[in-house]
Amino acid sequence: MKTPRQEVEAIVAATAQTLYGADVSAGPYVRPCPDTRHGDFQTNLAMVQAKKAGKNPRELAQQIVDALAEHSVFEKPEIAGPGFVNFRLKAGYCAAQTHARSQDVRLGVEPAVQPLKVVIDYSGPNIAKELHVGHLRSTILGDSLARLFRFLGHNVISDNHLGDWGTQFGIVILGYKRDTNKERFEQDPIGYLEEVYVRTQNASKTDDTIREAARAELVKLQAGDPENVALWKSFIDHSLQSLDRTYSRLDVKFDYTLGESFYNDRLPGVVKALLDAGIARETEGAIAVFSDGTLPQKDDPFIVTEKGGAFRDNPFLIRKSDGGFNYATTDLATLQYRKEHFHADKVIYVTDSRQQMHFAQLFATEKRWNLGLNLQHVWFGAILGADKKPLKTRDGGTVKLRALLDEAQERAEKIITEKRPDLEADKRNDLAQVVGIGALKYADLAQNRNLDYVFNWDKLLAFDGNTAPYLINAYVRIRAIFRKLGSEAPQVERLVLAEEAEIALAKKLLDFGDSLTLAADEYRPHYLCVYLFELAGLFHKFYEHCPVLISEGETKTSRLVLCALTAQTLKTGLALLGIKTVEQM
RNA sequence: GCUCCCAUAGCUUAACGGAUAAAGCAACGGUCUUCUAAACCGUAGAGUGUUGGUUCGAUUCCAACUGGGAGCGCCA
């Protein structure tokens with residue numbers, strides 16, 4: 001079913017066609033009023049058309065209002081300010097729409113008319129490195145986008161593009177062979193491999209024989225040496241199990257885990273194809289994609305402009321001079337595979353901001369290669385320490401994701417123990433898991449992903465304001481009402497909305513679909529967070545002003561339905577953020 | 001040197017070219033015999049880094065500048 005915004009949009013668009021025909025400016029015409037005192041929705045069509053035609057905007061606004069006349073969706077529109085036309089939804093329409101949504105498991109959100117095959121590429125850890133705070137954003141942002149697109153009816157494939165190949169494995173294999181503490185590997189494979197890597201890497205800096213030995217191990221691995229291949233496979237197996245434990249705590253799942261090594265066989269073919277197509281060429285022994293001059297200099301990712309307007313090449317290397325392949329080659333092979341095997345329409349990469357140049361080059365290369373994919377780089381800011389400097393990867397100061405989750409749960413449990421000493425320890429533990437992990441995820445998802453993130457325990461776990469605990473609590477309060485009632489909301493023929501708080505809550509409930517499309521269109525789950533926070537706020541207002549259980553007749557049944565729909569909307573919205581709810585807290 | 005990103009209240013942030021720039025935290029003052037006070041209500045607090053430009057209208061678009069961050073040929 002249509003959201004009120006879509007409803008008003010369609011009506012205004014039709015009116016614009018009638019009044020202005022081909023001269024009409026492009027939509028969208030309708031947006032929510034920033035201040036509900038003015039109305040629910042507004043259009044600035046009159047001002048835009050007045051500008052085009054050189055007419056008085058208020059006169060055109062009057063024409064529009066006359067053409068709209070009476071309607072079942074909204075009251076008679078009003079003209080305000082420089083030429084806004086404001087719409088206020090009819091209470092009857094709101095009640096009917098709310099009622100309809102309360103009987104729909106999808107809460108009125110229609111699946112996409114043209115579902116797309118969307119591959120979402122996120123998390124992408126290295127199998128020889130622990131998951132750390134730097135993986136948090138990619139993992140939970142990607143997971144949320146996957147849930148969002150799936151709910152909107154798209155055919156989503158989530159793919160964890162593991163770092164399971166590359167020069168580092170020569171070092172890791174060498175280090176592993178020289179080390180005897182194999183129990184440590186069994187217990188904590190990734191932690192162990194990371195230690196071995198760092199130790200061996202450091203040793204190689206001062207000892208050329210170690211560097212040479214590591215190189216020899218890599219060559220053997222690449223040549224298919226059985227011992228090294230078996231070792232490498234066991235690294236992957238053990239690491240995957242370890243990763244899965246953390247993903248499971250985060251409630252993150254992948255449809256596929258196709259690491260870089262999966263594409264090894266395709267790499268020579270990719271380079272050959274690009275050479276044959278004249279997209280890539282040889283340079284200083286390597287092979288790279290250069291500018292073909294078709295893009296404006298300013299937008300060409302294959303050149304760098306120098307002072308005075310001169311420019312130099314900024315090639316996209318797809319084969320190193322030693323014959324080896326790199327990140328770019330693998331990414332191109334991956335795109336080719338996703339096109340051929342998944343028949344992907346769209347591929348979304350969720351990585352940090354530093355990779356913008358890489359993806360600009362990758363996307364431009366894909367375009368010249370004519371794979372016909374819609375590619376999106378959903379990038380996010382850095383994780384910073386208290387000193388506002390990026391947390392470094394290998395200096396021992398990195399916060400491991402596992403430790404972060406542990407502490408989130410511990411801190412949540414401490415707070416729960418203070419607030420609810422009456423609960424059993426088991427129950428507090430379960431609550432701490434949902435609330436602690438939820439708080440951690442929400443703190444990240446609720447803000448604009450493009451901004452840098454200052455890592456701060458108190459902020460991550462604050463239980464005040466716009467947080468997961470606040471939203472979960474709103475849900476819990478509603479569940480408490482139904483527990484006390486002893487049943488779920490009754491089936492009713494219609495809803496009666498009289499109080500201002502009831503109408504405001506109902507209107508917000510109808511906007512759920514708008515918040516989802518906005519979040520999906522911009523790849524920004526924080527729009528959904530804002531919506532849920534506002535919904536929870538309006539629910540609390542309703543909760544204060546409109547007693548449910550002690551009311552009677554249609555007022556009571558209507559309020560119960562409102563409560564039920566609010567609970568379902570909160571639960572569904574939180575689930576799309578990857579956050580669970582609880583029945584009590 | 002070049003490119004990209006960021007700059008809004010004491011702090012963290014929001015604002016889909018539009019109306020008197022919106023929240024949370026912190027501060028101050030209220031509200032639990034009434035569906036869970038992890039809540040609610042209220043007060044105070046900014047004119048959006050600077051200078052110009054486009055526009056009926058700019059936090060939003062454009063240009064230059066200042067400050068911070070990131071990136072810039074064989075790492076991923």
Side-chain angles (χ1 to χ4, degrees), chain A residues 28 31-35 37-38 42 44 47-48 50-51 57 80-84 86 124 126 163 166-168 260 283-288 298 301 303-308 310-322 324-328 330-331 351-358 360 379 381-382 384 388-390 415-416 418-420 435 446-448 450-452 454 456 458-459 462-467 469-470 472-474 476-485 514 518 521-522 526-527 530 533-534 536-537 540-541 543-545 547-551 559 563 584-585:
Chain A
R31 66 183 52 227
C33 286
D35 186 336
R37 281 175 301 183
H38 296 123
Q42 63 175 224
N44 60 2
M47 292 183 285
V48 174
K51 187 176 189 171
F84 291 106
N86 290 326
N126 190 303
T167 50
Q168 59 189 321
E260 291 170 348
T283 171
E284 295 171 31
I287 293 173
K298 195 175 168 299
I303 55 177
V304 171
T305 304
E306 297 284 12
K307 193 163 77 169
F311 55 88
R312 63 182 165 86
D313 287 319
N314 183 36
F316 190 50
L317 285 148
I318 59 170
R319 201 179 79 186
K320 302 190 278 186
S321 52
D322 67 1
F325 303 101
N326 54 18
Y327 187 37
T330 312
D331 272 356
T351 83
D352 69 75
S353 65
R354 291 174 301 184
Q355 300 190 42
Q356 287 182 92
M357 172 77 85
H358 168 76
W379 59 267
L384 306 178
K388 304 229 172 180
K389 298 243 165 95
I415 294 168
I416 289 162
E418 278 170 24
K419 302 266 182 192
R420 294 295 306 271
V435 173
Q447 76 172 34
N448 184 337
N450 295 141
L451 298 173
D452 285 349
V454 175
N456 177 312
D458 293 331
K459 177 170 173 153
F463 284 14
D464 307 313
N466 185 8
T467 65
Y470 172 84
I472 295 171
N473 185 242
V476 162
R477 287 184 155 196
I478 300 172
R479 296 309 304 158
I481 292 173
F482 288 110
R483 230 180 359 263
K484 190 145 184 176
L485 180 71
D514 290 338
L518 188 60
D521 286 351
E522 307 268 325
H526 88 262
Y527 287 127
V530 168
F533 181 60
E534 287 173 355
H540 277 123
K541 220 166 241 173
Y543 186 87
E544 295 287 325
H545 292 105
V548 177
L549 294 176
I550 60 169
S551 60
R559 286 179 181 177
C563 283
Q584 289 184 60
M585 68 191 283

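Sequence lines set the chain letters: A, B, ... in the order given, protein chains first and strands last, and positions in each chain run from 1.
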Starting the side chain at C-beta, find the nucleotide from [options] nearest to [X].
{"X": "A:His358", "options": "B:A76, B:C74, B:C40", "result": "B:A76"}
{"X": "A:Leu317", "options": "B:A76, B:A38, B:G73", "result": "B:G73"}
{"X": "A:Glu260", "options": "B:G57, B:G18, B:A76", "result": "B:A76"}
{"X": "A:Val304", "options": "B:U36, B:C35, B:C2", "result": "B:C2"}
{"X": "A:Val476", "options": "B:U36, B:C35, B:A19", "result": "B:U36"}
{"X": "A:Met357", "options": "B:C40, B:G71, B:G57", "result": "B:G71"}

Counting only side-chain nitrogens and oxygens, does [X] get under 4.0 Å of the OP1 or OP2 atom of [N]?
{"X": "A:Lys459", "N": "B:U13", "result": "no"}
{"X": "A:Arg31", "N": "B:G18", "result": "yes"}
{"X": "A:Arg477", "N": "B:A37", "result": "yes"}
{"X": "A:His526", "N": "B:A15", "result": "yes"}
{"X": "A:Tyr527", "N": "B:U13", "result": "no"}

Using whole Å, report how far [atom1] of [X] lies from [atom2] of [N].
{"X": "A:Gln447", "N": "B:G24", "atom1": "CD", "atom2": "C1'", "value": "13 Å"}
{"X": "A:Trp379", "N": "B:G69", "atom1": "CH2", "atom2": "C1'", "value": "11 Å"}
{"X": "A:Arg354", "N": "B:G71", "atom1": "CZ", "atom2": "P", "value": "6 Å"}
{"X": "A:Ile472", "N": "B:A37", "atom1": "CD1", "atom2": "P", "value": "17 Å"}
{"X": "A:Leu384", "N": "B:A70", "atom1": "CG", "atom2": "P", "value": "9 Å"}
{"X": "A:Glu544", "N": "B:A38", "atom1": "CD", "atom2": "P", "value": "12 Å"}
{"X": "A:Asp464", "N": "B:A23", "atom1": "CG", "atom2": "P", "value": "18 Å"}
{"X": "A:Lys419", "N": "B:U36", "atom1": "NZ", "atom2": "P", "value": "16 Å"}

What nucleic acid atoms does [X] come within less than 4.0 Å of, heavy atoms only: base, sugar-phosphate, or nothing?
{"X": "A:Tyr543", "answer": "base"}
{"X": "A:Phe463", "answer": "base"}
{"X": "A:Ala80", "answer": "base"}
{"X": "A:Ala480", "answer": "base"}
{"X": "A:Lys51", "answer": "base"}
{"X": "A:Ile416", "answer": "base"}
{"X": "A:Phe316", "answer": "nothing"}
{"X": "A:Leu518", "answer": "nothing"}
{"X": "A:Glu522", "answer": "nothing"}
{"X": "A:Asn448", "answer": "sugar-phosphate"}
{"X": "A:Pro28", "answer": "nothing"}
{"X": "A:Ser353", "answer": "nothing"}
{"X": "A:Val548", "answer": "base"}

Pairwise side-chain contact, [X] with [Y], heavy-atom cut-off 4.5 Å (strictly under):
{"X": "A:His540", "Y": "A:Tyr470", "answer": "yes"}
{"X": "A:Met47", "Y": "A:Pro82", "answer": "yes"}
{"X": "A:Gln168", "Y": "A:Asn126", "answer": "yes"}
{"X": "A:Arg354", "Y": "A:Trp379", "answer": "no"}
{"X": "A:Asn314", "Y": "A:Met357", "answer": "yes"}
{"X": "A:Asp514", "Y": "A:Leu518", "answer": "no"}
{"X": "A:Pro34", "Y": "A:Gln42", "answer": "yes"}

P gap between B:A14 and B:A7, integer Å: 8 Å
B:C62, syn or anti by chi within 90 degrees of zero: anti
Chi-based syn or anti call at B:G10, which uses purine or pyrimidine torsion atoms and a 90° bound: anti
In Watson-Crick or G-U wobble terms, both distances under 3.5 Å, what is the partner of [N]?
{"N": "B:A39", "result": "B:U31"}
{"N": "B:C4", "result": "B:G69"}
{"N": "B:C75", "result": "none"}
{"N": "B:U50", "result": "B:A64"}
{"N": "B:C56", "result": "B:G18"}
{"N": "B:G10", "result": "B:C25"}

side-chain contact (heavy atoms from CB on, under 4.5 Å) assessment of A:Val435 paired with A:Phe463: CA-CA 9 Å; A:Val435 173; A:Phe463 284 14; 3.7 Å; yes
Kindly say whether, by distance alone, the side chain of [X] makes a donor-acceptor pair under 3.5 Å with the base of [N]?
{"X": "A:Asn44", "N": "B:G18", "result": "yes"}
{"X": "A:Gln168", "N": "B:A76", "result": "no"}
{"X": "A:Asn86", "N": "B:A19", "result": "yes"}

Most 5' of A:Pro82 and A:Gly465 on RNA chain B, judged by nearest nucleotide: A:Pro82
Closest-nucleotide 5' rank along RNA chain B - winner of A:Phe84 and A:Glu284: A:Phe84
Contact summary for A:Asp331 and A:His358, nearest pair of heavy atoms: OD2-NE2, 2.8 Å
Side-chain donor or acceptor of A:Asn44 paired with backbone N/O of A:Gly83 under 3.5 Å: no
Pi stacking test for A:His540 and B:A39: under 5.5 Å apart, planes under 30°: no
